[in-house]
Amino acid sequence: MARPLALALVVDRAAAPPLSSQVAGQIREGVLAGTLPVGARLPSTRALARDLEVSRAVTEQAFDQLAAEGWIEGRHGSGTFVSAGATTRPRQRPPRVPAPEPGLVRLDTGTPWIDPRHRAAWRRAWRDVSAAPAPPSYDDPAGLGDLRVELATHLARTRGLQCDPDEILVTTGTIGGLNQVLAALPPGDVAHEDPGYRAAAEAIRASGRAIRDLPATEPVTDLTGTVAAYVTPAHQHPLGPVMPGSARLSLIGAAARAGAVVIEDDYDSEFRYDVAPVPALAALDRDRVAYLGTTSKTVAPSMRLGWLVAPTALHRAILARRAVTHDVAAWPVQRAFLSLLRDGYVDQVVRSARRTYAARAARVTEALRPHAEPILPVAGMYATVPLSASRALRAHASARAAGFDVPLLGDYCRTARLTGLILGFGGCTDDELTRALAAVVAGLS
Ligand SMILES: Cc1ncc(COP(=O)(O)O)c(C=O)c1O
């Protein structure tokens, strides 16, 4: 007969939950995580009570509870086992982020098209910065006041988000803002779209929190047991759809019931091709949604600048921490972006990039349509192409042989089983795009 598994459990007599709940909780978690597989034999209640130095009543009560919930079952005369019907949590694969390979043009989702007027605008901005007196001490922990005034107008005009300059915190970009939100939240799991933004998943993991996968193709109805949900409602990354109104309400309702905050990553909504961008999710419920914006798609990812508009308690907690840590974007970078906003360059670049992306998206769908069914992009700088795993790999290999790295959709999935390609068309030239598309089509034919 199988030997009972040794269980590495601990009980904390000073903790509030009863000892039997602590024991039951750790066994339940072991089954969910798959470390206690279906059919595994558990130690007897007597042996476990001895190991944990608790009374046998404690372990018996824990086993009774787990049996009532269907996690374990006693078999007469042979012991207690993990039940055949116990569900395990699907194993999360860490998203694969292949290192960029020298010599390959990477058609990724993150690199934007840079407007030819960028250099002149950049030079003007830095001339302006050089004439402005730098603050002699640590500056405002919320970020440069004049920039927040300009951002409040910009957000109201472009994102339908009405907020006061005092409600804005300047950040070092989306991930910089996310890290500050994570540092201020109470302990607990964070829900995140699957497939989803890999850098955000990495930041959540690095903060010591577990990720709850939210299937990116379904509305969110339940966030019980999480403290936050990270989403990309304006343009789901990397599948592309805009979150419909009913799903927005469902998400906010689920967050309200769970007492969780929704973290809205609004990374490229400005680049909607056909109509004005849908208003930010945060415009629906400022008390529930923390809004993250970035300069990475308009100016350049190297700028490392963004903004956060958070519910009041979260805002205050982050601001108080920043007043002590000075974890604020560098003043010259903030000042340079202020110049770019005032100068009209940001609006200009959004208009011209939108036209460029719309034209390139049309080229991608036209080239691929005879061979695949790309999800028609409505915004931004990439197109998602669902394909069987073998066709995706063939097209990926064909592009690679021609000098292009076209990311695989599977590399953005943790438990989802979606396969295909994601074709970024922001950071390449028109000629590179033509050659990459020819290579992908050759791999699909
Ligand atoms: C989904 C998503 N969010 C945000 C960003 C930008 O992040 P950051 O502002 O940290 O550069 C990117 C960049 O590729 C992205 O793909």
Side-chain angles (χ1 to χ4, degrees), residues 95-98 100 106-114 143 151 155 159 168-182 190-204 206-207 211 214 216 228-243 262-272 277 280-282 289-309 327-330 333-334 337 340 346 350 353 357 375 377-384 405 407 409 411-414 422-428:
R96 206 174 69 91
V97 189
R106 188 162 162 74
L107 301 190
D108 64 12
T109 59
T111 312
W113 171 80
I114 302 291
L151 278 172
L155 288 174
R159 304 301 297 118
I168 298 177
L169 295 169
V170 180
T171 67
T172 53
T174 309
I175 296 302
L178 172 61
N179 282 332
Q180 297 201 333
V181 169
L182 290 169
V190 174
H192 180 31
E193 296 164 324
D194 179 28
Y197 184 32
R198 295 178 295 188
E202 194 43 48
I204 296 166
S207 74
I211 296 179
L214 295 175
Y230 188 93
V231 290
T232 46
H235 187 211
Q236 203 282 325
H237 177 91
L239 297 180
V242 179
M243 188 183 285
V262 177
I263 306 171
E264 175 179 19
D265 171 359
D266 195 34
Y267 64 108
D268 72 350
S269 57
E270 304 92 321
F271 303 113
R272 181 84 201 234
L281 182 69
V289 183
Y291 173 90
L292 290 169
T294 180
T295 60
S296 287
K297 308 294 175 185
T298 46
V299 182
S302 56
M303 184 133 194
R304 309 314 306 142
L305 196 75
W307 43 92
L308 162 66
V309 183
D327 193 1
V328 183
V333 176
Q334 297 188 60
F337 184 61
L340 291 171
V346 175
V350 166
Y357 294 148
I375 300 173
V378 292
M381 57 207 75
Y382 61 86
T384 306
D405 184 5
L409 174 56
D411 287 346
Y412 292 74
C413 298
R414 295 185 302 274
I422 303 183
L423 215 148
F425 47 75
C428 57

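Each ligand, and each atom within it, is numbered from 1 in the order the structure gives. What you see is a predicted model; the values in this text were computed from it and never measured. Every heavy atom of this structure was used, including side-chain atoms; hydrogens, water molecules and symmetry mates were not.
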Novice: Checking side-chain contact (heavy atoms from CB on, under 4.5 Å) for the pair L409/L239: CA distance, chi angles, key distance, verdict?
Specialist: CA-CA 9 Å; L409 174 56; L239 297 180; 4.0 Å; yes
Novice: Please state which protein non-hydrogen atom is closest to atom 3 (N) of ligand 1 and give its distance, to 0.1 Å?
Specialist: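 Its nearest protein heavy-atom neighbour is D265 OD2, 2.6 Å.
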Novice: Hey, which atoms in ligand 1 end up nearer than 4.0 Å to a heavy atom of I175?
Specialist: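 In order of number, 10 (O).
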Novice: With heavy atoms under 4.0 Å as the rule, classify the contact between S296 and ligand 1 as side chain, backbone, both or neither.
Specialist: side chain
Novice: Just by distance, with hydrogens left out, do R106 and T111 show a side-chain donor and acceptor under 3.5 Å apart?
Specialist: no
Novice: Give me the nearest non-hydrogen protein atom to atom 13 (C) of ligand 1 as residue plus atom name, then the distance to 0.1 Å.
Specialist: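 That would be K297 NZ, 3.0 Å.
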Novice: For ligand 1, which atoms sit closer than 4.0 Å to a heavy atom of G110?
Specialist: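 Listed by number with element: 14 (O).
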Novice: Which residue and non-hydrogen atom of the protein lie closest to atom 10 (O) of ligand 1, and at what distance in Å?
Specialist: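 Here the closest protein heavy atom is R304 NH2, 2.9 Å.
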Novice: Quick one: which ligand 1 atoms are inside 4.0 Å of a heavy atom on H237?
Specialist: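 Within the 4.0 Å cut-off of H237, ligand 1 contributes 1 (C), 16 (O).
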Novice: So, Y382 versus H235, ring centres under 6.0 angstrom or not?
Specialist: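 Yes, the ring of Y382 comes within the 6.0 Å limit of the ring of H235, centre to centre.
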Novice: When the ring planes of Y357 and F271 are compared, do they come out parallel, tilted or perpendicular, using 30° and 60° as the limits?
Specialist: perpendicular
Novice: Tell me yes or no: between the side chains of T298 and E270, is some donor less than 3.5 Å from an acceptor?
Specialist: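 Not at all, the side chains of T298 and E270 share no donor-acceptor pair under 3.5 Å.
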Novice: Is there at least one pair of N or O atoms, one from T294 and one from ligand 1, spaced under 3.5 Å apart?
Specialist: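 Yes: some nitrogen or oxygen of T294 is under 3.5 Å from one in ligand 1.
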Novice: Should T174 be counted as touching ligand 1, given the test is an N or O pair under 3.5 Å?
Specialist: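 The answer is yes, given that T174 and ligand 1 share an N or O pair closer than 3.5 Å.
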Novice: Check whether any side-chain heavy atom of P112 lies under 4.5 Å from a side-chain heavy atom of P301, and answer yes or no.
Specialist: yes
Novice: Please test T295 against W307 for side-chain contact (heavy atoms from CB on, under 4.5 Å), starting from the C-alpha separation and ending with a verdict.
Specialist: CA-CA 9 Å; T295 60; W307 43 92; 3.6 Å; yes
Novice: So which heavy atom in the protein is nearest atom 5 (C) of ligand 1, and how far is it from that ligand atom?
Specialist: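 Heavy-atom neighbour on the protein nearest atom 5 (C) of ligand 1: Y197 OH, 3.3 Å.
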